[in-house]
Amino acid sequence: VTFLSALGVLSSAIFSGTSLLYTTLGEIFDQRSGTVNLGLEGVLLVSASAGFSVTFITGNPYLGVLVSALAGGLMNLILGYLTITRRASQLASGLALMFFGFGLSAWIGRPYVGARITGLPRLPLPGVSALPVLYRSLFQFDPLIYLVLPAAVLAWWLLFRTRWGLGLRAVGESADAAFASGRDPRLIRYQALFVGGLFAGLGAAHLSIAYAMNWTEYMTAGRGFIAVALVIFSKWHPIRAIVGALLFSGAVAFQLLLQSSGIHISPFLLDTIPYVLTIAVLIAWGGTRRHSAPASLGRVYQGTE
Amino acid sequence: LNGLLRYGLMIFIALVLFGLILLVSGRSPIGSYRDIFTSTLGSAYGFSEVLVAMTPMLLTALAVALPSRIGLINVGVEGQLYMGACFATWGALTFSDLPAWVLLPGMALLGMIGGGLWALIPGILRAMGLVNETITTLLMNSVAPMLVSFAVFGFWHSPMDTNKTPNFAPSARLPTLFGTRVDLSLLIGLALLVLFWFFMKSTRWGLEMRAIGGNPQAALRNGIPYRTYVISALCVGGAIAGLAGMAQVSGFYGVLLANFSRGTGFMGFLISWLAGGDPLGIVVTSFVVAVITSGGNLLQLTRDLPYAMINILLALTLFVVLAKPQLARRRKPA
């Protein structure tokens with residue numbers, strides 16, 4: 001195992017982990033306000049296809065990223081309408097949203113299957129220009145990668161250092177208590193879902209506009225569900241999610257490294273690591289409430305009438 | 001009848017919304033709907049295809065409905081289905097020389113063991129009070145298809161393809177009915193739903209399960225073994241899901257394809273939820289969903305639209321039902 005191949009693993013973990021981290025940050029907003037979004041997979045697909053098609057039509061990847069984020073926010077608002085205004089079950093509404101995403105993304109992306117775009121530009125990391133070409137190519141990242149760590153810090157700041165975040169977390173712990181202290185749980189959950197959708201949309205944008213630079217049906221390949229696992233793994237905390245995302249995506253990249261050193265482990269088994277780890281962590285926490293899951297997670301706010 | 005009218009109107013709203021999408025894509029909505037309905041309900045063949053699509057939904061919905069009676073949320077049917085298919089395929093490939101009357105029950109049993117074992121883990125964790133079954137079943141959904149891919153790509157794939165096994169021997173195929181693609185598992189599904197109804201209504205276990213569903217604390221104080229019920233309800237649910245997986249590979253496909261199911265298990269969850277876990281409701285809801293999904297093939301063939309697009313119509317129907325619109329303003333009692 002050479003130094004270069006270890007760097008290669010790191011580089012590819014960063015590339016595949018970026019969309020995962022944005023998506024996880026989005027789901028943290030949803031869940032901190034008390035909404036489980038099982039439709040995330042569908043949200044990602046719609047965002048990815050919308051962003052990709054706008055990029056193809058206009059030739060402007062930044063516009064594509066913007067549309068992708070907005071599409072994520074709007075998709076989440078559908079879930080909001082069902083679970084907040086109509087008080088429908090969160091699990092059932094989320095799964096319905098997933099099927100909606102399967103269909104809508106196939107419809108949006110249909111004309112662009114096989115199309116090529118010029119995605120987001122890759123800018124070298126400052127200071128690596130002195131390195132040999134081989135190293136330099138490993139450290140050329142697109143803007144969304146550079147922005148992902150600030151985005152995680154932003155998410156942390158919003159949730160833990162602003163009044164808005166305090167209200168959001170209060171609603172997630174107990175919507176009734178938050179209502180009693182003068183907050184509007186419905187409005188706050190809508191806001192949380194919209195912001196969460198924007199973050200998830202950025203993750204989808206990175207996937208279709210910066211990383212793969214094409215569109216295929218079901219291209220997210222379960223990332224929505226990995227993000228749900230990652231939210232639990234990182235204890236609903238944006239900063240811990242950074243470590244989790246790197247670890248989860250690193251496990252897959254690590255397989256390439258093993259292969260190059262002659263050890264063959266099926267990639268399918270390595271792909272199960274995120275889920276197995278998350279279940280193991282859940283078992284380790286046991287039934288204790290110390291693991292900081294929002295207390296009213298998954299409960300529909302019934303209001304006071 | 002009032003309820004029927006309500007659901008009819010809800011589906012109508014969904015049809016109008018999807019019609020707008022068809023219109024935007026430059027297809028005639030009325031023509032498309034006419035084609036969908038004549039091709040599914042207007043001919044014996046079309047009707048049989050609806051039954052084919054409905055078959056796995058009956059079983060996956062039952063796999064959710066049974067644990068839901070004691071308040072357990074089984075979101076893991078997708079994974080249990082994959083494990084059932086995986087175990088059954090092992091039987092089909094290993095014992096392909098056996099006659100059908102031995103092999104098929106054996107495969108069904110293997111499928112049930114596979115699905116049951118996959119649900120045993122969340123069951124034990126829940127009964128011990130360690131982890132909520134909703135989370136574990138959800139997470140294990142994603143693991144099962146990867147294990148299937150591991151087995152198929154690594155060991156079982158046919159010489160020609162890497163992503164599927166060789167075709168099953170005729171003795172490993174479920175018999176079909178009346179020369180259509182409808183297979184025996186439709187009857188098995190219907191029989192199990194009747195059995196479920198009878199079981200809940202007329203047996204001691206059904207009574208105790210209803211007691212737990214009503215008030216777990218009170219049931220526990222009355223000496224009902226709550227933990228045993230938690231584990232067995234999830235395992236039986238998993239076994240039924242596993243049977244659905246066996247039926248899919250042995251009946252519908254005749255081969256194990258990696259990633260063969262795109263959400264059949266999740267659809268089962270939605271159907272059971274819409275039907276409130278009621279056996280007759282499951283049959284009716286599955287039928288309606290099957291009509292819609294069979295229509296997807298038609299959109300693809302005659303309207304040149306992607307098959308996945310039918311999911312929009314399906315989801316819109318679900319959205320409308322979930323939103324429970326007030327179709328007639330309720331009059332206040334005078």
Side-chain angles (χ1 to χ4, degrees), chain A residues 36 38-39 41-42 45 78-79 81-83 85-89 91-107 109-111 113 217-218 221-222 224-226 228-229 232 266-276 278-279 281-288 293 298, chain B residues 18 21-22 24-25 73 75 79 121-122 125-126 128-132 134-136 138-154 258-259 262-263 266-267 269-270 272-274 296 304-319 321-325:
Chain A
V36 177
L38 283 194
E41 189 75 15
L45 283 166
I78 298 179
L79 184 71
Y81 177 73
L82 292 171
T83 60
T85 304
R86 310 305 313 188
R87 298 176 205 165
S89 144
L91 295 182
S93 306
L95 291 178
L97 189 68
M98 177 181 84
F99 281 103
F100 186 64
F102 285 173
L104 192 62
S105 62
W107 180 56
R110 169 73 158 186
V113 173
E217 274 185 39
Y218 303 110
F225 287 108
I226 302 184
V228 173
I232 302 167
S266 165
F268 300 109
L269 292 186
L270 284 164
D271 281 344
T272 65
I273 288 177
Y275 304 101
V276 175
T278 304
I279 294 176
V281 164
L282 280 167
I283 295 173
W285 288 340
T288 58
Chain B
F18 188 65
I21 290 183
L22 287 174
V24 172
S25 2
I73 302 173
V75 209
I121 302 169
L125 290 175
R126 165 66 195 244
M128 287 167 67
L130 280 176
V131 192
N132 189 305
T134 317
I135 300 177
T136 34
L138 182 72
L139 292 176
M140 289 175 70
N141 270 337
S142 310
V143 178
M146 291 168 188
L147 295 184
V148 169
S149 293
F150 171 62
V152 171
F153 283 87
N259 293 320
R262 287 242 183 251
F266 292 119
M267 191 46 73
F269 180 87
L270 284 167
S272 166
W273 191 87
L274 291 175
D304 190 34
L305 291 169
Y307 171 75
M309 243 189 95
I310 202 65
N311 283 317
I312 301 180
L313 178 57
L314 195 62
L316 286 173
T317 312
L318 293 167
F319 286 165
V321 176
L322 284 162
K324 300 183 286 281

> Counting only non-hydrogen atoms closer than 4.5 Å, does B:Leu274 touch chain A with its backbone (N, CA, C, O), its side chain (CB onward), both, or neither?
neither
> Sort out for me which of A:Pro274, A:Ala88, A:Gly109, A:Gly42 touches chain B most, counting heavy-atom pairs under 4.5 Å.
A:Ala88
> Check each atom of A:Val228 against the heavy atoms of chain B and say whether the ones under 4.5 Å are side chain, backbone, both or neither.
side chain
> Measure B:Leu270 against the heavy atoms of chain A and call it side chain, backbone, both or neither at under 4.5 Å.
side chain
> List the steps, then state whether ring-ring contact (aromatic ring centres under 6.0 Å, His included) holds for B:Phe269 with A:Phe99.
CA-CA 13 Å; B:Phe269 180 87; A:Phe99 281 103; over 10 Å; no
> So for A:Ser105, is it side chain, backbone, both, or neither that comes closer than 4.5 Å to the heavy atoms of chain B?
neither
> Heavy-atom pairs under 4.5 Å with chain B - which of A:Ala96, A:Ala229, A:Gly222, A:Ala106 has more of them than the others?
A:Ala96
> Decide side-chain contact (heavy atoms from CB on, under 4.5 Å) for B:Leu125 and B:Ile121; before the verdict, give the C-alpha distance in whole Å, the side-chain angles of both, and the deciding distance to 0.1 Å.
CA-CA 6 Å; B:Leu125 290 175; B:Ile121 302 169; 4.2 Å; yes
> At a heavy-atom separation under 4.5 Å, does B:Phe153 approach chain A through its side chain, its backbone, both, or neither?
side chain
> So for B:Thr134, is it side chain, backbone, both, or neither that comes closer than 4.5 Å to the heavy atoms of chain A?
side chain
> Given a strict heavy-atom distance threshold of 4.5 Å, which part of A:Ile232 is in contact with chain B: side chain, backbone, both, or neither?
side chain
> Which atoms of B:Leu139 are under 4.5 Å from chain A, going by heavy atoms: the side chain, the backbone, both sets, or neither?
both
> Could you check if a side-chain atom of A:Tyr275 sits within less than 4.5 angstrom of a side-chain atom of B:Met140, using non-hydrogen atoms only?
no
> Quick one: of A:Ile279, A:Leu104, A:Leu269, who has the most non-hydrogen atom pairs under 4.5 Å with chain B?
A:Leu269
> Can you say whether the rings of A:Phe102 and A:Tyr218 are parallel (under 30°), tilted (30 to 60°) or perpendicular (over 60°)?
perpendicular
> Apply side-chain contact (heavy atoms from CB on, under 4.5 Å) to B:Val75 and B:Ile73, showing your working.
CA-CA 6 Å; B:Val75 209; B:Ile73 302 173; 3.8 Å; yes
> As an exercise, state the distance from CG of B:Asn132 to CZ of B:Arg126, rounded to the nearest 0.5 Å.
6.0 Å
> If you compare all heavy atoms of B:Leu316 against all heavy atoms of A:Phe100, which two are closest, and at what distance to 0.1 Å?
CD2-CE1, 4.1 Å
> Using heavy-atom distances under 4.5 Å, tell me whether A:Leu82 contacts chain B through its side chain, its backbone, both, or neither.
side chain
> Determine the minimum heavy-atom distance between A:Leu79 and A:Val36, stating which atoms define it.
CD2-O, 4.3 Å
> Given a strict heavy-atom distance threshold of 4.5 Å, which part of B:Leu138 is in contact with chain A: side chain, backbone, both, or neither?
side chain
> For B:Met267, is it the side chain, the backbone, both or neither that has a heavy atom under 4.5 Å from a heavy atom of chain A?
both
> Between atom OG1 of A:Thr272 and atom CE of B:Met146, what is the distance when rounded to the nearest 0.5 Å?
7.0 Å
> Please flag which part of B:Ile21 lies under 4.5 Å from any non-hydrogen atom of chain A: side chain, backbone, both or neither.
both
> Looking only at non-hydrogen atoms, find the nearest pair between B:Asn141 and B:Gly79 and report the distance.
OD1-N, 2.8 Å
